[in-house]
Amino acid sequence: MGMSLSPLPAVWRFAIVGTLASLPITVVVNWLPDSEAAIGGGIMIFGAFIAGIVAETRSANPGAAGLRAGVLAGVVAGLTLLVEVASTTQLSVLSVIFVVFASGLALLIAPAFGLVFGRIGGWAVNTVTSQLRPSASMP
């Protein structure tokens, strides 16, 4: 077995690529009328979808890459909430409990959505590439 030059496993690299690629998409979606796209939600949906596409094209598990993008989305959502609460209210015991509870909830839910959207990304790239490949029965 050869050694990898990267310290991160491939599915984590794909999750990070998806996460970074989702940021401009989330900004564009936020420009739409009546849109309130949160950065964590954008990573959870678009980032996991892109991570699934990249993983599938690299013969890796798209669900695993999407799940990890979901973990990153949960972390970003928790940190974003912490910054928002800390900057808009005076920190109290109740606000700290709220941030901990909401962040924990995000860390539980976001990976599940990431798994689903990663698999959808893998399925989408398989569907598109199978439609583009010439059939063996065609002359």
Side-chain angles (χ1 to χ4, degrees):
M1 289 195 120
M3 285 186 44
S4 173
L5 295 177
S6 175
L8 288 175
V11 289
W12 274 107
R13 288 194 314 267
F14 303 149
I16 291 169
V17 166
T19 297
L20 294 175
S22 72
L23 298 178
I25 296 168
T26 304
V27 168
V28 170
V29 167
N30 233 347
W31 288 342
L32 297 174
D34 298 325
S35 176
E36 292 291 331
I39 190 168
I43 294 169
M44 181 179 64
I45 295 169
F46 303 120
F49 182 82
I50 294 166
I53 289 172
V54 174
E56 187 66 37
T57 59
R58 302 281 192 248
S59 300
N61 184 338
L67 180 119
R68 283 156 180 83
V71 168
L72 294 174
V75 169
V76 168
L79 291 174
T80 303
L81 180 63
L82 176 64
V83 168
E84 283 182 24
V85 169
S87 66
T88 58
T89 63
Q90 189 172 0
L91 284 180
S92 66
V93 173
L94 282 177
S95 63
V96 170
I97 290 171
F98 171 75
V99 168
V100 169
F101 176 75
S103 298
L105 194 59
L107 282 170
L108 289 173
I109 293 173
F113 276 93
L115 174 73
V116 170
F117 282 99
R119 286 185 176 171
I120 291 171
W123 170 82
V125 76
N126 270 332
T127 302
V128 169
T129 57
S130 69
Q131 296 297 319
L132 295 175
R133 282 189 215 119
S135 159
S137 63
M138 291 182 68

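Values below: all heavy atoms of this structure, side chains included; hydrogens, waters and symmetry mates excluded.
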side-chain contact (heavy atoms from CB on, under 4.5 Å) with L72: which residues, sequence neighbours excluded?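 By the side-chain contact (heavy atoms from CB on, under 4.5 Å) rule, L72 matches W12, A15, I16, T19.
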Using the test side chain to side chain donor-acceptor pair (under 3.5 Å), find all partners of N126 that sit at least two apart in sequence or belong to another chain.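 In terms of side chain to side chain donor-acceptor pair (under 3.5 Å), with neighbours along the sequence ignored, N126 is linked to E56.
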ILVMFWY cluster membership beyond L108 - transitive side-chain contacts under 4.5 angstrom: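 When side chains under 4.5 Å apart are linked, L108 ends up in no cluster with other residues.
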Connecting only ILVMFWY residues whose side-chain heavy atoms lie within less than 4.5 Å of each other, what is the rest of V75's hydrophobic cluster?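 For the cluster that includes V75, the remaining residues are L79, L107.
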Run the side chain to side chain contact (heavy atoms under 4.5 Å, CB included) check on F113 and I45 step by step: do they pass? CA-CA 7 Å; F113 276 93; I45 295 169; 5.9 Å; no
Would you tabulate the side-chain donor-acceptor contacts of residues 30-40 under 3.5 Å, counting partners in other chains and residues two or more places apart, or write 'none'?
from: N30; atom 1: OD1; to: A37; atom 2: N; distance (Å): 3.1
from: N30; atom 1: ND2; to: A37; atom 2: O; distance (Å): 3.1
from: S35; atom 1: OG; to: V29; atom 2: O; distance (Å): 2.9

Are [Y] and [X] connected into the same hydrophobic cluster when the rule is that any two of I, L, V, M, F, W, Y join if their side-chain heavy atoms are below 4.5 Å apart?
X    : Y    : result
I120 : I109 : yes
V11  : L115 : no
V54  : M44  : yes
V17  : L23  : no
F14  : I43  : no

Minimum heavy-atom distance [X]-[Y], with the two atoms named:
X    : Y    : value
I50  : S22  : CD1-N, 4.3 Å
A48  : G114 : CB-O, 3.4 Å
P111 : A106 : CD-O, 3.9 Å

Name each donor-acceptor pair under 3.5 Å that joins a side chain in residues 59-66 to protein atoms two or more places apart or in another chain, with its distance.
from: N61; atom 1: OD1; to: G63; atom 2: N; distance (Å): 2.8
from: N61; atom 1: OD1; to: A64; atom 2: N; distance (Å): 3.2

